[in-house]
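Numbers here are sequence positions counted from 1.
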Amino acid sequence: MIDDANALELFRFADPVQSVTLQVACDAPVVAGEERYYAAKIAVESDFVNGTVGLHISDADLDEWGRCLDALEADEGAEWPPGGRSAWLSVIPEDPLEVTVHDSPSTQIAVQIPVDVLAGWLEDNRLRLEHVRKAIAKR
């Protein structure tokens, strides 16, 4: 469960009609070995469908998200987080941006959302990543 008071958005793909976001709980990580995992949820909102799916992300996943943003900037697709251990998303940098949220391995449901992102979306998502990194570094 995520307490919104301690959560930050790691990413936001949005237009006036629909959005796909991910919130990370930046407090109380679960420690497994040397890795810390933070509760997170992906939220899809549109006039057609609304839903959330939970997952846990690690510091390594944040590094991988940075590489995904680099790939999107180079007009390459991205899938995140890697490993198939939880829900994940794929992003195809077309016009409009195509974001697909996969609830694997749980329900096997996938929802594809075309998002007509505004100029500056990539820089905005890089700033969100840095804010999350700083917040969890304090823990």
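Put simply, CG on Asp61 and NE2 on His56 are 11.5 Å apart, with the number rounded to the nearest 0.5 Å. Atoms CG and CG, on Leu97 and Asp116 in that order, are 9.5 Å from each other to the nearest 0.5 Å. A distance of 8.5 Å separates CG of Leu122 from CZ of Phe13, quoted to the nearest 0.5 Å. Rounding to the nearest 0.5 angstrom, the gap separating the CG atom in Leu55 from the OG atom in Ser106 is 12.0 Å. Interatomic distance, Cys68 SG to Glu76 CD, rounded to the nearest 0.5 Å: 10.5 Å. Note that the CD atom of Glu45 and the CG atom of Asp47 stand 10.5 Å from one another [nearest 0.5 Å].
Side-chain heavy atoms closer than 4.5 Å link hydrophobic residues (I, L, V, M, F, W, Y) into clusters, and following such links, even through other members, never connects Leu69 to Leu118. In the hydrophobic clustering of ILVMFWY residues, with side-chain heavy atoms under 4.5 Å counting as a link, Ile109 and Val101 come out together. The hydrophobic cluster containing Val17 does not contain Trp121, counting ILVMFWY residues as joined when their side-chain heavy atoms lie under 4.5 angstrom apart, directly or transitively. Under a hydrophobic clustering in which Ile, Leu, Val, Met, Phe, Trp and Tyr are joined whenever their side-chain heavy atoms come within less than 4.5 Å, directly or via other members, Phe11 and Ile92 fall into different clusters. Hydrophobic clustering keeps Val31 apart from Ile57 (ILVMFWY residues linked when any side-chain heavy atoms are closer than 4.5 Å, directly or through intermediates).
A salt bridge does not link Glu123 to Arg126: none of the charged nitrogens lies less than 4.0 Å from a carboxylate oxygen.
Nearest heavy-atom pair, Ala87 versus Pro81, reported as atom, atom and distance to 0.1 Å: O-CD, 3.6 Å. Residue Tyr37 comes nearest to Ala32 through the heavy atom pair CE1-CB, 4.1 Å, listed as atom of the first residue, atom of the second, then distance. Here the closest non-hydrogen pair linking Asp103 and Thr107 is OD2-OG1, 2.7 Å.
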Apply side chain to side chain contact (heavy atoms under 4.5 Å, CB included) to the pair Leu62 and Leu10, showing each step before the final yes or no.
CA-CA 9 Å; Leu62 294 177; Leu10 177 60; 3.8 Å; yes

CA sep, side-chain torsions, deciding dist, call: Arg67, Asp63, salt bridge (Lys or Arg N to Asp or Glu O under 4.0 Å):
CA-CA 7 Å; Arg67 288 187 284 278; Asp63 293 340; 5.4 Å; no

Side chain to side chain contact (heavy atoms under 4.5 Å, CB included) assessment of Val24 paired with Leu8:
CA-CA 5 Å; Val24 180; Leu8 291 174; 5.6 Å; no

Evaluate Val111 against Val20 for side chain to side chain contact (heavy atoms under 4.5 Å, CB included), listing each step before the verdict.
CA-CA 10 Å; Val111 177; Val20 179; over 6 Å; no

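Taking the ring-ring contact (aromatic ring centres under 6.0 Å, His included) definition, one finds that His102 meets it with Trp88, sequence neighbours left out. Listed by chain and number, the residues in a side chain to side chain donor-acceptor pair (under 3.5 Å) with Glu79 amount to none (sequence neighbours excluded). Residues satisfying the side chain to side chain donor-acceptor pair (under 3.5 Å) criterion with Ser19, sequence neighbours excluded, are absent altogether.
Looking only at side-chain heavy atoms (C-beta outward), Pro96 and Val115 stay at 4.5 Å or farther from each other. Looking at Trp65 and Leu22, their side chains never come closer than 4.5 Å, going by heavy atoms from C-beta outward.
No donor-acceptor pair closer than 3.5 Å links the side chain of Asp59 to the backbone N or O of Glu35. A donor-acceptor pair under 3.5 Å is formed between the side chain of Gln18 and the backbone N or O of Pro114.
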